[in-house]
Amino acid sequence: MFNFIKKYPQIFFGFIFGTYFLFTLSNAIDINDTVSIAVLLTVIIYIQSIGTFFYFYKKNGKPRLQDWMRVALFITLVLDFMKLVNKANGEATTKFIVTTVSLNDSSFILILIIFTFISLDFAWITYNTFKKNKPSNEQFIINRKDWIFIILIVSTLFQSYLLFSGITGFGSKQSSGILSLVKMISEYLNPFALIISAYIIFIENTNNTKYKLIFYFALSIQVFTGFLSGMKENALEPILYTIIVFLIAGKRIPKNIIFIGLFALAILYPINNAYRDVISNPYLNKGSSIVNMARAIKKVLTQPLDETLLGGVESYADRGSMFPFLIYVTNIEEKWTHYKNMTRYATLPINWFIPRALWEDKPRADIGGTLYILITNNKDTNTAVTATSIGWAYLEGGILYIFFIFVILGLIFEFIDNKNIKKPIFLIFYIVLLHKAIKPEWDPYFMISSLIPMLILYWGLLKLIGQKRITNEN
């Protein structure tokens, strides 16, 4: 079965989608014609996302960066819409936080998704029309390897210090002053150090035992502290970055490791939820991250395994449920005044280096909290939600801004996709952008804004550390 899926993925996934589509359509007919038309539109989006993903995978040996985003949007929006239809029991409204949204708006939302993918297509056509050269086969060797592993140790220590000092992690407050600077340095240095050290281990295939010990020890500490932070992404990010470098190096992950990883992923959510419950409960919280985690794990282990695994899968499904948010933001676009008409995009060249003390109106990454307040009218909360990447673009002023913003994103994706990702600087940005692509909930403005200081810092560090070009004669 596994070999059949590997050989004929389009047939396998097409059959599954087709079956689910017919089931969803039968339930949509019970609601009304408007929702039924929306379900029909999912076929177009399936072709634009899953179909396109496998087409470029077969053609190029790997999907494009934008293909990963297409699949992620299909899962978090289209499949979520179909799930809502199947749970609607003939009703056209569905619950959404403290209000409701109407499935009658679904056709417009699905048209927005189609238009988003057309915008990415336009970026692909534009870039490849003017593209001159194919990426080279050159490989590189890092000169001052010791520096990389020193940076990895420092960034890992920074992360541990910030967590155990209560500056980062679930329930932490926004830091300021020197601690804010340390946090920012850690956030920028760690991806660089982790990816380049993985490059040395797997792509250069070093035999240096010292480097391997430092790398695996730092990776273990980062996963462990990420686990203790109560933030799933903090634990998964270093694993994700390492796996991507491992695969780019041409290595394969054994099937048994894949199954173990999927099992661990399934129980991660229940443990994380239990851990957050312990932290939030003053009677259970012992003030020690390790003791609190032990309590959480004990609680999960006392439950039946099938119940734990099912709860984990359902939690991931709920976490990826973004369709109602996109319906909501399209209905309140005219009320949204936090930013408009892409005016903040004009500040991208200077946003990264001017401190807020000198620029009072500098764009803030607080829009998730602002949106939650707008939905609930509850100002006494630190909760933040997402409008999805499409939603944040739509709030700029409508469908036209989706086109502009996703063309920009598409061009960035294509630029990196068409570079030699075995060159360290391009490898870093390929992995960072792939991470963004599979999690399409960020605001495009802040994603693009973060790339500028990354480029300057990482380019400068690589210049100092040095790299030697090696021609791959194969």
Exercise. Return the orientation label for the Tyr458 and Phe429 ring planes: parallel under 30°, perpendicular over 60°, tilted otherwise.
Key: tilted

Quiz item: Has the side chain of Trp336 got a donor or acceptor atom that lies under 3.5 Å from a matching backbone atom of Val329?
Solution: no

Quiz item: In terms of the angle between their ring planes, are Phe54 and Tyr57 parallel, tilted or perpendicular, with boundaries placed at 30° and 60°?
Solution: perpendicular

Self-check item: Short side-chain to backbone donor-acceptor contact, Asn285 and Ile279, under 3.5 Å
Solution: yes

Quiz item: Quick one: does Ser155's side chain have a donor or acceptor within less than 3.5 Å of a partner on Leu152's backbone?
Solution: yes

Quiz item: Would you say Ser186's side chain and Lys183's backbone share a donor-acceptor pair under 3.5 angstrom?
Solution: no

Quiz item: Closest heavy-atom contact between Trp359 and Asn351?
Solution: CZ3-CA, 3.8 Å

Quiz item: Which class fits the ring pair Tyr328 and Phe96: parallel under 30°, tilted 30 to 60°, perpendicular over 60°?
Solution: tilted

Quiz prompt | Geometric class of the Phe149/Tyr211 ring pair [parallel <30°, tilted 30-60°, perpendicular >60°] | solution = parallel

Practice problem: Using only heavy-atom distances, determine whether the side chains of Asp67 and Thr52 contain a donor-acceptor pair under 3.5 Å. | Solution: no

Quiz item: When the ring planes of Phe323 and Phe81 are compared, do they come out parallel, tilted or perpendicular, using 30° and 60° as the limits?
Solution: tilted

Quiz prompt | Ser160 versus Thr225, closest heavy-atom pair with distance | solution = OG-CG2, 3.6 Å

Quiz item: Rounded to the nearest 0.5 Å, how far does CE of Met293 lie from CZ of Arg295?
Solution: 13.5 Å

